[in-house]
Each structure stands twice: as structure tokens, then as C-alpha cells.
Amino acid sequence: MPITFSSPICRVLAACGLALALAAPAFAQHDHKAHAHGRIELDVAVDAQRISLRMESPLHDLLGFERAPRSVAERGRVTALIERLRAADKLFVVDAAGECQLADATVEAPVLGLGGAATAASAAAPDAEAHADLVLTANFDCRKAAAAQHLDVRLFDAFPGVRTVAAQVAGPKGQGLTLLRKAAARLPLAGK
């Protein structure tokens, strides 16, 4: 018996297919953060004696390209970027009330050979311009982390390609999401 679009099975399958097609973008959004130029994602955790942060950024916003360096000048830009990020206490200034000092900072950017294997796409076509991200993880050891009221984010002056920082804070005083811009780059650490 031929199946027609008017058969009950086809109507159910068509409805399910349409529902899945409509829901697919919503599922994709929860799997990973979108790569959006000009926007940095920042997660901050405040514990009793530590403030930890994880910053994820399109490599282009920090470096001007999203691939392995091709020249001596580009390799120099990569080296300068890594040094600047490892001095995370200059880019993220914790309120003095927390009595914090930078403990460590690590940079991961597989396309630059930092913190993992290069992606299959960059290995297959090393000169191809593709989307690549950089992740900075920094930890501040503090005597009174909970006393720190804010974190001054100095990424806007350091990297002109950065337009917004979407910052999530979790700590003993609550959680919050703040969208920072150059004119308002102070991130509150205390609950609202």
C-alpha cells in the first residue's frame, strides 16, 4: 500500500520532523557557546580564599587572526599575547579588600599549539582561516575573597576588538550575570 502525505503515519512523522527542525537550534545553543567576534565570555567563582576565572574569547579579538602564525611578526604577536594573558592580574584587578594575588594563569589555544592538539580542520588546512577560540584560566589566592566587592576588567583597553564581556559570577553571596562594556567595566562580585 503506497504511503501518502494524508496517511496518519506520515502526518505524525512530518509533525515530529518539523518539531525537531524547529527545536534543533535551541538544542545547539545549549551544547556550546556561539563564537561571536567582539564578545568575551567570562566565568568567575568566588570561594573563601580563592577567586577563579575562566575567559573564552575568539582568537581574532585578541590577536587579529584565528590560525597559526605565518610570519615572524605574527609569531611575535602571539608571544606578546601569551605574556600579557599570563599577567592576568593586570587585566583583571580584584578589589583590594579581598587581599588577593595571582596564583597562576594558563592559556589554551590549540590552533596556536597551546594546551592541546590542533583541530582536525587546522591540521588538514593549516592556512585556512577558521573560527578558533582562546581560553584563559586564572586563579587568585586571597586572604578574604568574600570581602572583594568587584573585579575591574581591563580587557577593553588591552584589546580594541573586544566590545562586550558577558560575565557570570558565582559565590557565597549569590550568582549573577552582567554584560560589561568599555564605559562600564567593573564587575560586581557580591550578590545583588
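All values below were derived from every heavy atom in this structure, side-chain atoms included, with hydrogens, water molecules and symmetry-related copies excluded. FYI, the numbering just counts along the sequence from 1. These figures come from a predicted structure and were not determined experimentally.
Within the structure, no pair that satisfies the disulfide (SG to SG under 2.5 Å) test touches residues 41-71, not counting sequence neighbours. Among pairs with a residue in residues 62-104, those fulfilling disulfide (SG to SG under 2.5 Å) read C100-C142, at least two apart in sequence or across chains. Every pair passing side-chain hydrogen bond (donor to acceptor under 3.5 Å, both in side chains) that includes a residue from residues 135-147 is listed here, sequence neighbours excluded: R50-D141, S52-N139, E99-K144, D104-N139. Judged as a salt bridge (charged side-chain N to carboxylate O under 4.0 Å, His left out), the pairs with a partner in residues 73-85 (not counting sequence neighbours) are, in order, R67-E74.
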Quick one, L62 with L134, criterion side chain to side chain contact (heavy atoms under 4.5 Å, CB included). Give me CA distance, side-chain angles, the key distance, then yes/no. CA-CA 9 Å; L62 306 176; L134 179 142; 3.9 Å; yes
Start with the C-alpha gap between I40 and F159, add the side-chain angles, then the distance that decides, and say whether side chain to side chain contact (heavy atoms under 4.5 Å, CB included) holds. CA-CA 11 Å; I40 288 180; F159 305 105; 5.8 Å; no
Before giving the answer on side chain to side chain contact (heavy atoms under 4.5 Å, CB included), spell out for L180 and F156 the whole-Å C-alpha distance, their side-chain angles and the decisive distance to 0.1 Å. CA-CA 10 Å; L180 303 174; F156 301 100; 4.2 Å; yes
F65/R70 under side chain to side chain contact (heavy atoms under 4.5 Å, CB included): CA gap, chis, key distance, verdict: CA-CA 10 Å; F65 54 88; R70 296 180 183 155; over 6 Å; no
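Under the 4.0 Å criterion applied to side-chain N and carboxylate O atoms, D157 and K182 are assigned as salt-bridge partners.
With sequence neighbours excluded, no residue satisfies salt bridge (Lys or Arg N to Asp or Glu O under 4.0 Å) with D47. Contacts of A166 classified as side chain to side chain contact (heavy atoms under 4.5 Å, CB included), with partners at least two apart in sequence or in another chain: R39, E41, L179. Residues meeting the salt bridge (Lys or Arg N to Asp or Glu O under 4.0 Å) test with R181, sequence neighbours left out: none. Residues passing the side chain to side chain contact (heavy atoms under 4.5 Å, CB included) test with A87, sequence neighbours excluded: D89, K90. Listed by chain and number, the residues in a side chain to side chain contact (heavy atoms under 4.5 Å, CB included) with A148 are I51, V94, D95, L189 (sequence neighbours excluded).
Note that the CG atom of L91 and the CG atom of D152 stand 12.0 Å from one another [nearest 0.5 Å]. Note that the CG atom of L42 and the CD atom of E56 stand 11.0 Å from one another [nearest 0.5 Å].
Between V78 and P69 the shortest heavy-atom distance is CG2-CG, 4.0 Å.
Residues M55 and L85 form a side-chain contact, since some pair of their non-hydrogen atoms from C-beta on lies under 4.5 Å apart. Contact annotation: the side chain of V44 approaches that of L151 to within less than 4.5 Å [non-hydrogen atoms, C-beta and beyond]. F92 places a side-chain heavy atom less than 4.5 Å from the side chain of L136. Residues P188 and T178 meet the side-chain proximity criterion, which asks for heavy atoms closer than 4.5 Å.
Proximity of a side-chain donor or acceptor of D61 to a complementary backbone N or O of G38 within less than 3.5 Å is detected.
V153 and V135 fall into different hydrophobic clusters, where Ile, Leu, Val, Met, Phe, Trp and Tyr are joined by side-chain heavy atoms under 4.5 Å apart, directly or via other members. In the hydrophobic clustering of this structure, V93 does not group with L53; members are Ile, Leu, Val, Met, Phe, Trp, Tyr whose side-chain heavy atoms approach within less than 4.5 Å, directly or through other members.
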Enumerate, atom names and distances included, each donor-acceptor pair closer than 3.5 Å involving a side-chain atom of residues 105-114, sequence neighbours excluded.
none

